[in-house]
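Comments concern the structure below.
Letters A, B, ... mirror the listed sequences (proteins, then strands); counts begin at 1.
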Amino acid sequence: MTVPNPETPSAAPAPSDFIRDIVAQHVAEGRYSKIVTRFPPEPNGYLHIGHAKSICLNFGIARENNGQCNLRMDDTNPTKEDVEYVESIIQDVKWLVAGWADHCLGFKPKGRVPQLQSVNGASDYFLPAVCPSAQNSDELEPFFASDYFQQIYEYAVALIRKGKAYVCDLSPEDTDKYRGTPDTPGKDSPYRNRSVEENLSLFERMKAGEFPNGARSLRAKINMAAPNIWLRDPVLYRIRHAEHHHTGNAWCIYPMYDFAHCLSDYLEGVTHSICTLEFEVHRPLYDWILEELGLARPLPHQYEFAKLIPTFMIVSKRKLIQLVDDKIVSGWDDPRMPTISGLRRRGVPASALRAFVTGLGVTKFNSVTDIAVLEHAIREELNKSALRRLAVLRPIKAVITNIAPDQAIELDAVNNPEDPNAGSRKLRFTRELFIESDDFMETPPPKYFRLRPGGEVRLKYAFIIKCDEVVKDASGKVVEVRCSADLDSRTGGPTASRKVKGTIHWVSATEAIDAEVRLYDRLFDTAEPDADGDFKKHINPHSLEVVTAKLEPSLANASSDLRYQFERLAYFTLDPDSRPGKPVFNRTITLKDAWAPPKK
RNA sequence: UGCCCGAUGGUGUAAUGGUAGCACAAACGACUCUGACUCGUUUUGUCUAGGUUCGAGUCCUAGUCGGGCAGCCA
């Protein structure tokens, strides 16, 4: 059975942007034998919605060009990284890409490191990818920059031999001072002109662990007066006596991002290295390193785009960590978090996330994306796929006085009006019901077309009822409404077509099940929570409200693989906290509500 | 007063020298056994000043405004 995939090129035009234009041109020129991109997170936090944009760009380009996109841990800083993050990243990427670009997901055999090969007579390291959908993925793993430490070390030695790198004894503080500022040139390190032999020996001793952290570094010898700060003899290697999550204690010197990244791209045969705008000024260094090394195969090139900044969210790993550590949220996967795992738990389908980010486009303009665009993408997807169910979040009792206490009337209810194949189910109508407290008002404002004393309303899939009597408790609060049903008005009945303005949802009080329902809302109450640098001041106090709701009985068998629309309310998904007989539902997003009750 | 990048409705984005279009948002209306969905209508835009050209959002020059860069972070 093949279901038309709305994301296939035939159904929707492939996205176009300045990076895809460049790739298309390279394909036309036959510049590379295969288009290879990569998604290279540092495992020092969970992936968030901003990463989703990068993932969709990199995997999208791979997919559109029969290429591949390698997942690579950019793990060159042992003091900040952890396997917990490695595992969450793998899970999140697989989830986002599943059924869309998993055939392009580049992994490698476990433990495999770059192999020496001969290219045009030159020896050359290379580590090709395999794509897991075609292989046994238990034997595969993502790429790790740390798997290349030996090769990267050898490249450093090659640079030293060329006189293009030197060991510097300046302390980190002095290195800063010598660097100058953006508008004043730096000055040469006193160690800049050491002999190749001395550099080789010192670098070897750095590797052997003879020096403490910070005592020496390996630096590229470029130009201390360069207008671009990153060309002022940047540090290539630093000493870090620390255990690494992937390489253990094998190394005490670790390459810096700039040195490791371009070489990792090269080793994997990456053709297009796509990153965010802040790396633009690093590009000359990226190119310098690869060019100086005289490598055998075609070189990768770096392209930059503007990252995603959504309103009502913060997208900074450092700040996200604070939300977790300060227990403002329950964890990285709290459904209010902008993390991929949070969005997943919230009930956002991967396809909606993909549709959202691809609809954004790719440019170099620093923009702010209205959260409404994300919400629209979620509703659009869920409207097509969610099963409709009846549920009452804040119940008040409605007694239908002309139904006998032991009577139960079976009714048909459509599962999804947008999808005829979703079928229908039976609902049982009884004398005692619950209706939404919002759906009854004793003294309603104008244009309120729900239930009121003496008024009529249709109960969805059932009868038109009339409110005859209102029962209040001692404090005057309405606790029950007593109504009579027009028994001819059920679907298909003689008076079914009677015009009644309002239709409300209901559940049988005698048959409904209880469930914990978590009503999530935006985590922040202002569009740009970090604009004043103090995002914690702007936490929305109503970002989570928990209610015990009354659900139609079929929801006892809800599946965590499915999405539900509680009619007239919102979309929901089952939370992993659910236990047999004790379901927990998360509100993904409300339905749009064009009715604005008059404000007092 | 260094270097790099950018600027199109409220927001995001398209137009690759030839009618400024699309989406979201907003407003109004139609439909409705979901005040949902769907459909229709409407409002709002090329940063400024020069120049090239028959013709400029697009090319050139200058300016203005915004972002990035001074980690042995990535």
Report task. Could you please name the option among B:A14, B:C72, B:C33 that lies closest to any side-chain atom of A:K499? Result -> B:C33
Query raised in the report: Among B:G68, B:G10, B:G35, which is the nearest nucleotide to the side chain of A:D593?
Result: B:G35
Requested in this report: Among B:A74, B:G35, B:U32, find the nucleotide with the atom closest to the side chain of A:K447.
Outcome: B:G35
Report summary line: Regarding the side chain of A:D176, the nearest nucleotide among B:G12, B:C72, B:A36 is B:C72
Query raised in the report: Looking across every strand, which nucleic acid part, if any, lies under 4.0 Å from A:S171 by heavy atom: base, sugar-phosphate, or nothing?
Result: base
Report task. I would like to know whether A:D486 and A:R498 meet salt bridge (charged side-chain N to carboxylate O under 4.0 Å, His left out); could you show each step before the answer? Result -> CA-CA 10 Å; A:D486 171 358; A:R498 268 176 60 205; 2.4 Å; yes
Query raised in the report: Given side chains that start at C-beta, do those of A:R389 and A:E567 come closer than 4.5 Å, heavy atoms only?
Result: no
Report task. Decide yes or no for A:I464 and A:T495: does some side-chain heavy atom of the first lie under 4.5 Å from some side-chain heavy atom of the second? Result -> no
Report task. Choose from B:A70, B:G68, B:C37 the nucleotide whose nearest atom is closest to any side-chain atom of A:V281. Result -> B:G68
Report task. State which residue, out of A:Y155, A:Y254, A:Y237, A:F144, fulfils the ring-ring contact (aromatic ring centres under 6.0 Å, His included) condition with A:F149. Result -> A:Y254
Requested in this report: Have a look at A:K460 and say if it touches a base, only the backbone sugar-phosphate, or nothing, with a 4.0 Å heavy-atom cut-off.
Outcome: base
Report summary line: Side-chain contact check for A:D21: nearest option of B:C33, B:C4, B:U16 is B:U16
**Report entry** A:T369 OG1 to A:K307 NZ distance, which is reported to the nearest 0.5 Å
**Finding:** 12.5 Å
Query raised in the report: When syn is taken as a glycosidic angle within 90 degrees of 0, is B:G57 syn or anti?
Result: anti
Report task. Check every strand shown and say whether A:L591 touches a base, only sugar-phosphate, or nothing at a heavy-atom separation below 4.0 Å. Result -> base
Query - Nearest-angstrom distance from the residue atom NE2 of A:H282 to P of B:G71 - result: 11 Å
**Report entry** Residues that A:T181 engages under side-chain contact (heavy atoms from CB on, under 4.5 Å), provided they are two or more places apart
**Finding:** A:D183, A:T184
Query raised in the report: Where the side chain of A:R240 is defined as all heavy atoms beyond and including C-beta, which of B:G2, B:C4, B:C72 is the nearest nucleotide?
Result: B:C72
Query raised in the report: To the side chain of A:T491, which of B:C33, B:C24, B:C73 is closest?
Result: B:C33
Query raised in the report: Any chance the rings of A:Y286 and A:F279 have centres within less than 6.0 Å?
Result: no
**Report entry** Minimum-distance nucleotide to A:P227 side chain [options: B:A74, B:A70, B:G2]
**Finding:** B:G2
**Report entry** Residue A:E42, side-chain atoms from C-beta onward, closest of B:C37, B:A74, B:C4
**Finding:** B:A74
Query - Distance, P atom - from B:C69 to B:G21, rounded to whole angstrom - result: 38 Å
**Report entry** First encountered from the 5' end of RNA chain B, between A:E380 and A:F18
**Finding:** A:F18
Query raised in the report: If you write RNA chain B from 5' to 3' in dot-bracket form, with Watson-Crick or G-U pairs under 3.5 Å, [ ] for crossing pairs and | for pairs with another strand, what do you get?
Result: .((((((..((((....[..)))).(((((.......)))))....(((((..]....))))))))))).....
